[in-house]
Amino acid sequence: MPPRSDTPPRGAPSPERRLPLRKSLLGRLLAVSALVAACSVAATAWLAVQTTSGAIKQEQGQNLTDDARIYNTLLGYAATHPRWDGVDRTVTDLARQTGRRIALTTPQRAPLADSATQDKPPALPPQTSAVVDPLSVDGTLPAGGGQSAADRIDPRAVGPFRLPAAERARLQETAGRIVSCLRDDGVTSDIVGTPSGRPRIQAVGNDLDRIEGTRCSIDALEEPTATETKALTALNQLADACLKRQDRHAVQLNLDLSWNRRPAPTGRIPTAPPVSTPEPSATPTIPTEATPTPLEATPTPEPSAVPSANEDDRAVASCVGTARREQLSSYVATPALLFIGDPGGATVPGFDLSPANTARIAGAAALVLALTVGASLFAATRLVRPLRALTGAAQRMKDGGYADPVPVPVTADNEIGRLAAAFNDMSAHRARLEGQRKAMVSDVAHELRTPLSNIRGWLEAAQDGIADPDPAFVASLLEEAMQLQHIIGDLQDLAQADAGALRLHPEPVRIEELLGHVAAAHQAQADTAEVTLTVAGTAPGADVPELSADPVRLRQAVGNLVSNAVRHTPPGGSVTLSASSPDGDVVVVDVADTGSGIPPEDLRYVFDRFWRAEKSRSRRTGGSGLGLAIVRKLAEAHGGTVHAVSAEGEGSVFTLRIPAAGRPVAEETADRL
């Protein structure tokens, strides 16, 4: 009894072996997907818990900073413009820089400016962020312009105290001389600008005592200008009117808005006390964007008036503030409501890790994990199914099923689908190659068998004394041997071309001379077949460029075309060789015959190996079936192409295109072929 073998018989499909789940692609994909999903969900939850509180605090701090910046910028705009006209550009720039929605409205909520770009912007919240009023700075948001602690008037609102260019230039020149004088005395100082345009001297380190000990006086810089005198007089009148309504004594205002109860000499408004005055309340303070404007008094009361000094000071400060608002009201914009929020109208909710929120996070994590595993299982199943089909088809091909392959179904246009399509093309191509191989082996065996059988028959006849080895006998054997040598040489040329080992030796070639040599070499064959073989001349002025080609191989290619044409042209017909160059880049060689032609369904096979339009094996028309295949290989080796045009019963034209001077055939030319 023969031993049992587990190997299936050749040609029978092998049973598909299923891998364990832990080793299969499906199992590994599921395990990796679940691990990645679990790790990502856990890491996301941990990061959310660790960073949510800090992120919210940071966002709140950034929002507060942005809100203060927005408020201060708009407050400065209102302090320096009598109307809100033109504020849209400022609002748009602030919204772009901060990423917030900014809206300004009148106290009645009539829109003044809005950074929202929607056709129908979201409704404004019921609560305002702040009130933009330079005469009453809102304490809700911090202002960076230097808010006055007493009268809450923005120091940038200077109104009639703003100096014209001439006065500003004169004071700037005076300040420059003082700074130069201080520098000569070894005191480094700077000129600091104020909203009104009046320069102020500031020693490095803000140490005013260093200026007192120098020869440089700043009295000239403290003298009010004509503009300031006029504005200060009007302000003093408004303040006195307020005090008069309260039955209080009039005061004399100084440029720094401090006051004296004693009237000043007639005809001159007193200036601020000098910088060297020791009392802090008497020190002149020119308003800047970083320094508040004091409304402190410099009282010089009688001893009996001391008990009521604080009350009088508060009354004077109140009247001065009221007077300033009245004087500045026509120089600043009207109060506006400021709304700052999210561009989409949403708000940022608070978040705390309460038990409910913790359970919510855990539930979301579990849901994400379940969805990930389910999606991975679904994707893995769809991925593995076509791979299993491909594996089975490859196994069947290995077991000998390539002769009649069963295509793998292509279910989708993705990587797996394209792989299946490529596999189907490969299996079909392999089946065609296998059929061609079998046909080639059969044709080669037949082509070699015929001359070998003839040689053997004649030799056996001579050995038996039946045939006389005369010259005709020897000539017949020589013809059969040459036929064998021709077939073997053609097969060798094709093998070299397939292996890329076909060597060319290019040199300058004139195609007219080459066609003449080919015609002369095949004239005897044409005469025997009673076929007229001619070479057509080129048209006048249509010179054909010189080729850089291997003349031996090129003659072989043209000779094969001529031999094929003569063989398939009936007696009395003609074969014509011609050369042309329509564009100067490609040399075109045409071999036209008046033979029987090739049917359209067979035209695409004429350059295949061992293919014959006429299946006979006669020496006149049969041939070896390798000549045209060699022509195609030689044309490709020269960077050219070959194709045929034929009409059944009207003859054929074989066209060989070779690039001139080694230039490749253009892609569009090759596509037309």
Nearest 0.5 angstrom please: F339 CZ to I70 CD1, how far? 14.0 Å
Considering residues at least two apart in sequence or located in another chain, which fulfil the salt bridge (Lys or Arg N to Asp or Glu O under 4.0 Å) criterion with E228? R198
Could you tell me the separation between the CG atom of L94 and the CG atom of L74, rounded to the nearest 0.5 Å? 5.5 Å
With side chains defined as the heavy atoms from C-beta onward, is the minimum distance between Q172 and E167 less than 4.5 Å? no
Under a 4.5 Å cut-off applied to non-hydrogen side-chain atoms, are D67 and S129 in contact? no
Can you list the steps and then say if R168 with E173 is a side-chain contact (heavy atoms from CB on, under 4.5 Å)? CA-CA 9 Å; R168 189 177 305 178; E173 182 180 356; over 6 Å; no
Mind checking whether I340 and R101 have side chains closer than 4.5 Å, heavy atoms only? no
On a heavy-atom basis, which atom in A103 and which in L124 lie closest, and how many Å separate them? CB-CD2, 3.7 Å
Got a sec, which pairs hit side-chain hydrogen bond (donor to acceptor under 3.5 Å, both in side chains) with one end in residues 330-341, sequence neighbours left out? none
Show the nearest heavy-atom pair for residues H249 and L243, with the distance to one decimal. O-CD1, 3.5 Å
Any donor-acceptor N/O pair, S115 side chain to I102 backbone, under 3.5 Å: yes
So, taking the atom named CG in L135 and the one named CZ in R324, what distance separates them when rounded to the nearest 0.5 Å? 9.0 Å
Any F161 side-chain heavy atom under 4.5 Å of L235 side chain: yes
Minimum-distance pair of heavy atoms, taken over all atoms of V132 and A78: CG1-CB, 4.2 Å
Any side-chain heavy atom of L171 sitting closer than 4.5 Å to one from L221? yes
Is R69 paired with D66 through a side-chain N to carboxylate O contact shorter than 4.0 Å? no
Working note: I153 + L328, criterion side-chain contact (heavy atoms from CB on, under 4.5 Å); need CA distance, chi angles, decisive distance, verdict. CA-CA 10 Å; I153 297 176; L328 295 174; 4.0 Å; yes
Check whether any side-chain heavy atom of L338 lies under 4.5 Å from a side-chain heavy atom of L104, and answer yes or no. yes
Closest contact, heavy atoms only, A79 versus V332: O-CG1, 3.7 Å
Determine yes or no for a side-chain-to-main-chain donor-acceptor pair under 3.5 angstrom, with D256 supplying the side chain and S258 the backbone. yes
Under 3.5 Å donor-acceptor, T322 side chain and S318 backbone: yes
Taking all atoms of both residues into account, what is the closest heavy-atom pair of P409 and A420, and its distance? O-CB, 4.4 Å
Looking at Q327 and A231, would you say the former's side chain and the latter's main chain have a donor-acceptor pair under 3.5 Å? yes
Drop me the distance from T225's OG1 to K230's NZ, to the nearest 0.5 angstrom. 11.5 Å
Side-chain contact test, heavy atoms from C-beta onward, threshold under 4.5 Å: evaluate it for Y71 versus V131 and give yes or no. no
Any side-chain heavy atom of N236 within less than 4.5 Å of one from L232? no
Rounded to the nearest 0.5 Å, how far apart are CG of L238 and CD of E326? 4.5 Å
Out of curiosity, Q237 CD to D240 CG, how far, rounded to the nearest 0.5 Å? 8.0 Å
Dump the intermediate steps for side-chain contact (heavy atoms from CB on, under 4.5 Å) on T80 and R162, then the final yes or no. CA-CA 10 Å; T80 55; R162 185 179 301 278; 4.0 Å; yes
Report the C-alpha separation of T73 and D93 in whole Å, then their side-chain angles, then the decisive distance to 0.1 Å, and conclude whether the side-chain contact (heavy atoms from CB on, under 4.5 Å) test is met. CA-CA 11 Å; T73 303; D93 292 342; over 6 Å; no
Closest approach of W259 to L253 (non-hydrogen atoms, all atoms of both residues): CB-CD2, 3.8 Å
